[in-house]
Amino acid sequence: CKDALSAPGVRALLEKLRGNDSDMVVLKMKKYINDPDAPQVVIDAALDALEENTNCEALYIQNFNKGMHDEQVLHLLKILQQPACKIWCLNIGETYHVKSKTWRRFTRGLKHTKVTNMYASEHTIDG
């Protein structure tokens, strides 16, 4: 799994996020991580780098079947709640491995973020 971190797209994403590259204002993660089965270690690294970023405003982090679980969704919420975070638009659809309890915590926590527009797949959120 650690080898996935050395993929050129992943390395470019991490570098651009940390450097506040203009490509990160609207970040479509599929452009850099074009694998729905990307492992959690890759999503964790991207979230760690996103935590350092201050220019992303729209985040498309959908359809990472293996990489997005409860821990990653809660990490994303923590990032969104940081005062320096500028993300107001979020696509977190097709996220299948997250418990209802985590979705409830995430949605409650959104009121403490700048997110005004969000897409999530209804069929992935049960309860």
Side-chain angles (χ1 to χ4, degrees):
C1 279
K2 294 277 187 198
D3 290 343
L5 292 176
S6 62
V10 174
R11 285 199 333 261
L13 172 64
L14 301 180
E15 187 177 308
K16 287 181 176 203
L17 275 169
R18 290 185 185 114
N20 288 311
D21 189 282
S22 62
D23 281 354
M24 299 295 102
V25 174
V26 176
L27 173 53
K28 295 181 179 180
M29 289 204 18
K30 289 287 178 196
K31 177 178 175 183
Y32 299 92
I33 307 169
N34 194 12
D35 180 3
D37 294 327
Q40 288 177 319
V41 66
V42 169
I43 302 304
D44 288 339
L47 291 171
D48 288 344
L50 183 61
E51 208 162 344
E52 298 176 38
N53 178 279
T54 56
N55 74 336
C56 183
E57 295 182 25
L59 176 61
Y60 294 77
I61 190 167
Q62 79 279 13
N63 198 27
F64 288 108
N65 302 321
K66 303 266 191 246
M68 281 294 273
H69 290 255
D70 298 282
E71 182 182 334
Q72 288 74 26
V73 169
L74 293 175
H75 187 182
L76 175 59
L77 177 61
K78 179 181 144 199
I79 294 165
L80 294 171
Q81 290 177 334
Q82 291 177 348
C85 180
K86 293 184 176 137
I87 297 171
W88 59 270
C89 177
L90 177 65
N91 180 341
I92 192 170
E94 294 86 42
T95 304
Y96 297 98
H97 299 288
V98 176
K99 296 179 182 120
S100 296
K101 178 175 124 179
T102 302
W103 280 123
R104 281 192 298 276
R105 190 167 160 193
F106 183 81
T107 54
R108 279 196 306 268
L110 281 175
K111 64 182 145 206
H112 304 290
T113 72
K114 294 178 181 79
V115 174
T116 58
N117 297 342
M118 183 180 114
Y119 172 79
S121 306
E122 292 173 21
H123 64 279
T124 65
I125 305 172
D126 55 6

* Distance in Å, Leu59 CG paired with Ile92 CD1, rounded so as to fall on 0.5 Å steps -> 8.0 Å
* **4.5 Å side-chain heavy-atom contact, Thr95 and Gln72** => no
* Structure fact -> The complete set of salt bridge (Lys or Arg N to Asp or Glu O under 4.0 Å) pairs with one or both residues in residues 60-71, sequence neighbours excluded, reads Asp70-Lys99
* Sequence neighbours left out, what pairs pass salt bridge (Lys or Arg N to Asp or Glu O under 4.0 Å) with at least one residue falling in residues 41-50? => none
* To do: Give every residue pair that meets the salt bridge (Lys or Arg N to Asp or Glu O under 4.0 Å) criterion with at least one member in residues 18-28, sequence neighbours excluded.
  => Lys16-Asp23, Arg18-Glu52
* So does Glu57 have more than 12 non-hydrogen atoms from other groups sitting under 6.0 Å from CD? -> yes
* Partners passing side chain to side chain donor-acceptor pair (under 3.5 Å) against Asn20 (at least two apart in sequence or in another chain) -> Asn53, Thr54
* If you group Ile, Leu, Val, Met, Phe, Trp and Tyr by side-chain heavy-atom gaps below 4.5 Å, do Leu110 and Trp103 land in one group? -> yes
* **Contact list for residues 17-70, test ring pair (Phe, Tyr, Trp, His ring centres under 6.0 Å), sequence neighbours left out** => His69-His97
* Asked: Rounded to the nearest 0.5 Å, how far apart are CG of Asn55 and CE of Met24?
  -> 8.0 Å
* Asked: Does Val41 belong to the same Ile/Leu/Val/Met/Phe/Trp/Tyr cluster as Leu14, with side-chain heavy atoms less than 4.5 Å apart forming each link?
  -> yes
* Structure fact -> Separation between CD (Gln82) and OG1 (Thr113), nearest 0.5 Å, reads 12.0 Å
* Value rounded to 0.5 Å, distance of CG in Asp35 from CG in Asn65 -> 9.0 Å
* Do you know which two heavy atoms are closest between Met29 and Ala46, and how far apart they sit? -> CE-CB, 3.8 Å
* **Test ring-ring contact (aromatic ring centres under 6.0 Å, His included) applied to His75 - qualifying residues, sequence neighbours left out** => none
* Check: Lys114 side chain, Pro83 main-chain N or O, donor-acceptor pair, under 3.5 Å -> yes
* Asked: Are side-chain heavy atoms of Leu5 and Val42 found at a separation under 4.5 Å?
  -> yes
* Asked: If you measure from SG on Cys56 to CD1 on Ile87, what distance do you get to the nearest 0.5 Å?
  -> 4.0 Å
* Asked: Can you hop from Leu17 to Trp88 via hydrophobic side chains spaced under 4.5 Å?
  -> no
* Asked: Rounded to the nearest 0.5 Å, how far apart are CG of Leu47 and CD1 of Ile43?
  -> 7.0 Å
